[in-house]
Structure formats: structure tokens, C-alpha cells
Number of protein chains: 2
Amino acid sequence: MAKSQADRFPEEHQRLADLAKALSHPARIAILEVLASRNVCVCGEVVAELPLSQATVSQHLKVLVEAGLIVGEIEGPKSCYCVNWSRLDEVRTMFSTWFGHTERLKIDCC
Amino acid sequence: MAKSQADRFPEEHQRLADLAKALSHPARIAILEVLASRNVCVCGEVVAELPLSQATVSQHLKVLVEAGLIVGEIEGPKSCYCVNWSRLDEVRTMFSTWFGHTERLKIDCC
DNA sequence: TTTAATCATCGTATATAGACGATAAACAAT
DNA sequence: ATTGTTTATCGTCTATATACGATGATTAAA
């Protein structure tokens, strides 16, 4: 966002928008699915699954970590990521709640 | 997205990411709520509700229209927008389905 | 027909986002 | 110790996103 007028908006709206932004790239959707489908925390495997360079994937992973959607830890020369399930569920609830709230505002339109 | 590598990803992921992007700014979250809370389709009223210039609000409205989340029509010198409820519900379902699908992939992690 | 009001769009400026090659840091394995 | 592997980060380039003033188009109202 340019000039970052973000603080002019309610905390609630900002948080929802930030989460949406974390999900606003197909690579990050794909990464979440890849991590979700492994019983072992994958690392460089993610790169192999995506049509992007290692550096770019690493950036996307960082975005997801900062949004709290995944967790990463270093294991030797490798890095291991996994889905933060409790957080993911929290986010699911936040979206669901917002849609419900917004639809309840409906009265009559057009 | 830079260079537009979008077509390297599944249609499904792309569509979800695009919707998330439409919701990735607090102003657009706010606009949806404002429109949802009026029984008459508001126009310039939206501008009055937001801490942004008329030009900027108009841009955000355009993004929401392009995402199909709202509908706009010109009425005299004014423009009238309203929430596309069926589409909003469709989007709600898409997110809900994705979260459900992703959580079902869970096996055991970390 | 002027006048005022409303709003989309243009032009422009700045900030982010996205992509990747190159590199450095951290280890494992030799 | 040296080598190879893995991955985060840096630097850089390009594309989008965000923001706003100014303008033009449209129309209601005077």
C-alpha cells in the first residue's frame, strides 16, 4: 500500500485485510496446501513443487510466517516448515465471522 | 504480481488469490460494510465514510466491481453501488471450502 | 443556458510486491 | 579441513498498488 494510510482504518479491518493479503498470491495458496498434505514438515521440497526459484519461494514462505499461518525452524542445513493449524483455524473463523457479520447488515438493496 | 507468472498456477488457486487480493485493503473491507449496511444503494456517501479522497475511493470501488463483489450503476450525476449478495455468498463458500479442504489434508505435522 | 454537484478517469508520484541471480551462512559428510 | 548441500538474504529490476489533484463528462437545478 502506498504511503501507508493503514492506521486510518479500524484495527479489525486492518487485520482482516492483512490476512487476505497473505492469501493473495497463488504460490502462497499452493504452499499452504503442500505443507498441509505432508505428515513430515517439508522444506526444500516446497521449491520442487512450485514453478518458482528457490529465492522466490523463500520470500513467500517468509510472508506466510509473518502472517502466522506457518511455522518454520532450522534443522541443520535445512529449514522445516509446517502449517500453524490453530492459527489457520483462527483465520478461517475470522473470515467466516466477517462474512456472517456483513451479511447480517443486509436489509434491502437496489 | 511481477512479470505475471500467474498462469503457472492452477486456476483454482488463482481465483482464490484474486478474491483475497480484492479483500486485501482495509478501505475495501470498509466499503463492503458501508454498502451492506444501507438499504438504499449509496454512492458519494461512501466517500464521506472513508478517510480517503474521492478519486481513491472511486478506484477501490472499481476493484470491488471487477471482483464482482459489488455492482454499480449510474443514476443521473450520481453513481449507485450495492453489494452483490449472491456473489458475496459464493465467495464465502469458496473460502470456507478451501479452508475445509486444506484442513482435511492434515495428517500429522511437526 | 448557466451553475453547481457528482463522479470516473487521467496523470503523476511513491510505495510494495514479485521475481531471480548471486552470495553468505550453517551444517553434514567426507 | 575441505567439500557439497541447503536455504535465507541481498541487490536489483520490473510490475502493481495506492494515493491524490485536476479535469472532463453528465445531469439536476436555478
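It should be emphasised that the depicted structure is a prediction, and the values quoted were computed from it without experimental measurement. First the proteins, then the strands, lettered A, B, ... as listed; each starts at 1.
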Select base, sugar-phosphate, or nothing to describe what B/S58 touches, counting heavy atoms under 4.0 Å on all strands. base

Ion pair check, B/R87 and B/E90, cut-off under 4.0 Å: yes

Nearest heavy-atom approach of B/I74 to B/S79 is CG1-OG, 3.9 Å

Where is the tightest heavy-atom contact between A/P26 and B/Q14, given as atom of each residue plus distance? CG-OE1, 3.4 Å

Respond yes when some side-chain nitrogen or oxygen of [X] is under 4.0 Å from OP1 or OP2 of [N], and no when none is.
X: A/Y81; N: D/dA8; result: yes
X: B/T56; N: D/dC20; result: yes
X: A/H60; N: C/dA17; result: no
X: A/S53; N: C/dG21; result: no

Ranking B/A55 and B/P77 by the position along DNA chain D of their nearest nucleotide, the one closer to 5' is B/A55

Check the distance between [N]'s [atom2] and [X]'s [atom1] and give it to me in whole angstrom.
X: A/Q54; N: C/dA25; atom1: CD; atom2: C1'; value: 13 Å
X: A/K21; N: C/dT16; atom1: NZ; atom2: C1'; value: 7 Å
X: A/E73; N: D/dT6; atom1: CD; atom2: P; value: 18 Å
X: A/D18; N: C/dA17; atom1: CG; atom2: C1'; value: 14 Å
X: A/L23; N: C/dG18; atom1: CG; atom2: P; value: 12 Å
X: A/L64; N: C/dA17; atom1: CG; atom2: C1'; value: 14 Å
X: B/K62; N: D/dT18; atom1: NZ; atom2: C1'; value: 14 Å
X: A/E66; N: C/dT16; atom1: CD; atom2: P; value: 14 Å

Determine whether any donor atom in the side chain of A/Q59 lies under 3.5 Å from an acceptor atom in the base of C/dA17, or the reverse, and answer yes or no. no

Taking the side chain of A/S79 as heavy atoms from C-beta outward, which of C/dG18, D/dT7, C/dA19 is closest to it? D/dT7

Over 60° means perpendicular and under 30° means parallel, so classify the ring planes of B/H25 and A/F9, tilted if in between. perpendicular

Yes or no on salt bridge (charged side-chain N to carboxylate O under 4.0 Å, His left out) for B/R28 and B/E33, after CA distance, side-chain angles and deciding distance? CA-CA 9 Å; B/R28 294 196 285 271; B/E33 290 188 5; over 6 Å; no

